[in-house]
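Written out below as structure tokens is the structure these notes cover.
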Amino acid sequence: MNMKKLANALIPDGDLLSPEEYEEIYPPRNLPKGVEVTRLAPSPTGFIHLGNLYSALADERVAHTTGGVFYLRIEDTDEKRKVDGAVESVIRSLKYFGIRFDEGAEINSSLNNYGPYYQRQREKIYKSFVKKLLEEGLAYPCFCTAEELDAVRASQTKSKETTGYYGKYAKCRNLTEEEIYDNIKAGKPYVIRLKSQGSIDNKITFRDAIKGDITVTENDQDVVILKSDGIPTYHFAHAIDDHFMRTTLVIRGEEWLSSLPIHLELHKVLGFNPPKYAHTSSLMKMDGDTKRKLSKRKDPELSLDYYRQAGYYPQAVVKYLMTVLNSNFEEWTLKNPDGDYKDFKFKIDKMGKSGALFDLEKLNDVSKTEISKLSAEECYAFLKGWVDEFGSEVDKSHFKEDGYLLKILTLIIGIGGKKRRKDIERAEQGVRLFDYFFDDTFDPDYSYRFDKATVNMVLDKFAAVYDTGDDNSEWFAKVKAIAPEVGFASEMSEYKSHPENFKGSVSDVAEILRIAITGSPNSPDLCTIMRILGKSRTVARLLKGKI
RNA sequence: GGCCCUGUGGUCAAGCGGUUAAGACGGAGCCCUCUCAAGGCUCAAUCCCGGGUUCGAUUCCCGGCAGGGUCACCA
């Protein structure tokens with residue numbers, strides 16, 4: 001059979017460049033040893049999720065801690081899954097979490113020497129290599145219809161054989177020259193398949209950067225490399241693109257592990273050195289009593305918008321992910337509480353081999369300690385940003401009173417105290433902490449633990465003596481002074497040694513005041529709250545709190 | 001079902017043949033204290049099971065079991 005003629009018939013020459021020319025156009029990047037080139041290669045299906053962020057973070061960290069390059073490639077080979085604006089959305093989402101690309105699709109960079117970065121625009125490159133394989137007899141056209149393939153698969157399943165297009169099932173492998181040309185002439189649609197040289201009797205061991213040595217059987221499937229629309233499949237595009245974009249380390253989900261033999265064979269047949277691979281275990285979630293992969297449909301927490309809407313501090317999400325990605329990161333954080341996570345030495349081989357359960361409680365903890373490191377101004381800006389986008393009209397009106405709000409915030413986050421408070425976990429919950437400072441959101445629950453006479457007496461007496469000018473100790477002295485008048489102990493020690501002699505203690509006096517002022521038995525420093533509220537509002541609330 | 005990956009407290013996990021089996025989140029308690037938060041201290045809780053190898057296995061080997069992944073002209 002004249003392969004050259006066949007290759008020409010299948011892939012008309014047009015203006016294809018030769019494989020050698022592509023090697024020249026995309027020369028190896030001139031980088032020192034140890035420097036890694038990584039990439040994020042999403043399909044433009046719309047939104048990017050937590051799993052993408054997780055893997056993007058690993059890619060970005062590896063590239064940037066080694067002084068390498070992190071680029072964005074768009075895998076748009078599946079027309080059906082394309083969504084408009086998806087690429088911008090990917091870039092925007094990652095940027096929100098502080099992750100930037102050095103190169104790639106829609107990235108403005110002088111480094112963009114390895115494009116185009118959209119696979120649909122790389123058709124000629126792929127075809128040049130498909131043609132080469134055709135000429136070498138390492139690929140062939142297949143005219144089987146979907147129905148035929150389904151039927152074969154059904155019978156294979158029934159007889160418990162391995163499914164797929166291989167060996168004796170690879171019908172079109174043996175088509176005569178005449179049959180092929182007849183089919184082409186008849187206008188039958190066709191795909192190009194790899195003529196696999198592998199055998200399942202051969203084992204190959206390769207080293208995964210995360211999982212270590214993995215032994216797999218060679219690929220013997222005549223996989224499709226070029227679809228009937230002339231666009232390559234993922235497998236083929238991966239081999240070509242990661243070779244010519246000179247990726248050194250491919251980090252991807254472990255769901256790809258099983259197609260690794262295909263990729264290895266493709267690289268071999270194409271004459272490429274395969275990149276290093278790191279297969280990451282995916283984020284899991286507890287469903288009933290079994291673990292399962294986080295799912296786009298069922299789990300809202302997979303969407304990155306979920307975190308924006310809930311008002312998580314973006315860096316907290318990143319740091320949480322870092323703790324999952326590299327277990328020694330947390331230890332490092334403890335030693336370097338104020339350190340930038342980018343100074344941490346990220347190691348790909350420190351990544352967990354098994355899928356981690358996504359732990360929302362831990363995220364919450366990371367988030368509140370992250371927020372507790374912010375200055376009052378930074379925290380204010382963060383909360384205001386959230387309110388502007390997701391807050392109610394009432395929230396927005398509160399945020400117009402900058403000075404007042406900043407005072408409250410200083411109290412809530414505990415600036416000035418020995419240690420910062422960690423009350424704000426995320427913006428959505430944090431802004432609610434301001435509610436009792438504004439009359440329109442003050443929603444008290446007057447559940448006093450004492451009788452009416454006692455409560456009202458405490459409230460009246462304190463309203464009569466309160467003065468905004470009091471400092472903390474003067475204020476507390478006044479609270480103490482009321483205690484004996486209502487039969488309470490003014491010293492805690494007194495109360496503790498003889499509780500039977502008293503109806504309550506100073507702390508109970510404070511509780512009554514606190515409920516009247518804030519509407520709840522718990523709050524930060526009451527004295528400061530009253531001062532922020534001001535005398536008239538304080539007194540009004542004390543009197544309003546009477547029952 | 002075939003093939004591949006994984007298996008240390010409730011969760012994330014250190015560990016690489018001999019350890020009182022780290023640490024963090026969560027839980028319980030105590031201290032501090034005008035309450036809460038924060039902080040400090042303390043406690044409870046783990047090596048999937050069975051065989052080997054070895055003086056000795058959480059660690060190495062084999063076999064189970066369990067969980068996950070994958071078997072497309074989707075990526």
Generate the contact string for nucleotides 24-34 of chain B. Rules: B means base contact, S means sugar-phosphate contact only, - means no protein heavy atom under 4.0 Å. BSS------BB

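Between the C1' atoms of B/C12 and B/C55, the separation comes to 36 Å (whole Å). The C1' atoms of B/G23 and B/A66 are separated by 28 Å, rounded to the nearest whole Å. B/G9 and B/A28 are spaced 15 Å apart, taking the C1' atom of each and rounding to whole Å. Here, B/C25 and B/G68 have their C1' atoms 24 Å apart, quoted to the whole Å. Comparing B/U58 with B/C65, their P atoms are spaced 23 Å from each other, to the whole Å. The separation of B/C32 from B/C36, taken at their P atoms, amounts to 13 Å, rounded to a whole angstrom. B/G17 and B/G52 have their P atoms separated by 22 Å, given to the nearest Å. Separation of the C1' atoms belonging to B/G27 and B/A45 is 10 Å when rounded to the nearest angstrom.
Contacts of A/T217 with the nucleic acid, taken as non-hydrogen atoms under 4.0 Å apart, are absent. Within 4.0 Å (heavy atoms only), A/V224 reaches sugar-phosphate atoms of the nucleic acid but no base atom. Across all strands, A/K158 comes closer than 4.0 Å to no nucleic acid atom at all (heavy-atom distances). When heavy atoms are screened at a 4.0 angstrom cut-off, A/R193 is found touching the sugar-phosphate backbone but no base atom. No contact: A/K160 has no heavy atom under 4.0 Å from any strand.
With hydrogens and angles left out, the side-chain atoms of A/T454 and A/K503 include a donor and acceptor closer than 3.5 Å. Side-chain atoms of A/H263 and A/H235 include a donor-acceptor pair closer than 3.5 Å.
Cation-pi geometry between A/R252 and A/Y277 is not met at under 6.0 angstrom from the ring centre and within 45 degrees of the axis. A cation-pi arrangement is absent between A/R39 and A/Y71 under the rule of less than 6.0 angstrom and at most 45 degrees off the ring axis. Under a cutoff of 6.0 Å and an axis angle of 45°, A/R541 and A/F442 form a cation-pi pair.
Contacts of residues 228-238 of chain A with RNA chain B (heavy atom under 4.0 Å): A/S228, A/Y234.
Between the side chain of A/R421 and the base of B/A38, no donor-acceptor pair under 3.5 Å is found.
Base pairing in RNA chain B gives the following stems of 3 or more Watson-Crick or G-U pairs, range against range and under 3.5 Å: B:1-7 with B:65-71, B:10-12 with B:23-25, B:27-31 with B:39-43, B:48-52 with B:60-64.
For the pair A/S259 and A/T162, nearest-nucleotide mapping onto RNA chain B gives the more 5' position to A/T162.
The shortest distance between the side-chain N/O atoms of A/K227 and the OP1/OP2 oxygens of B/C74 is below 4.0 Å.
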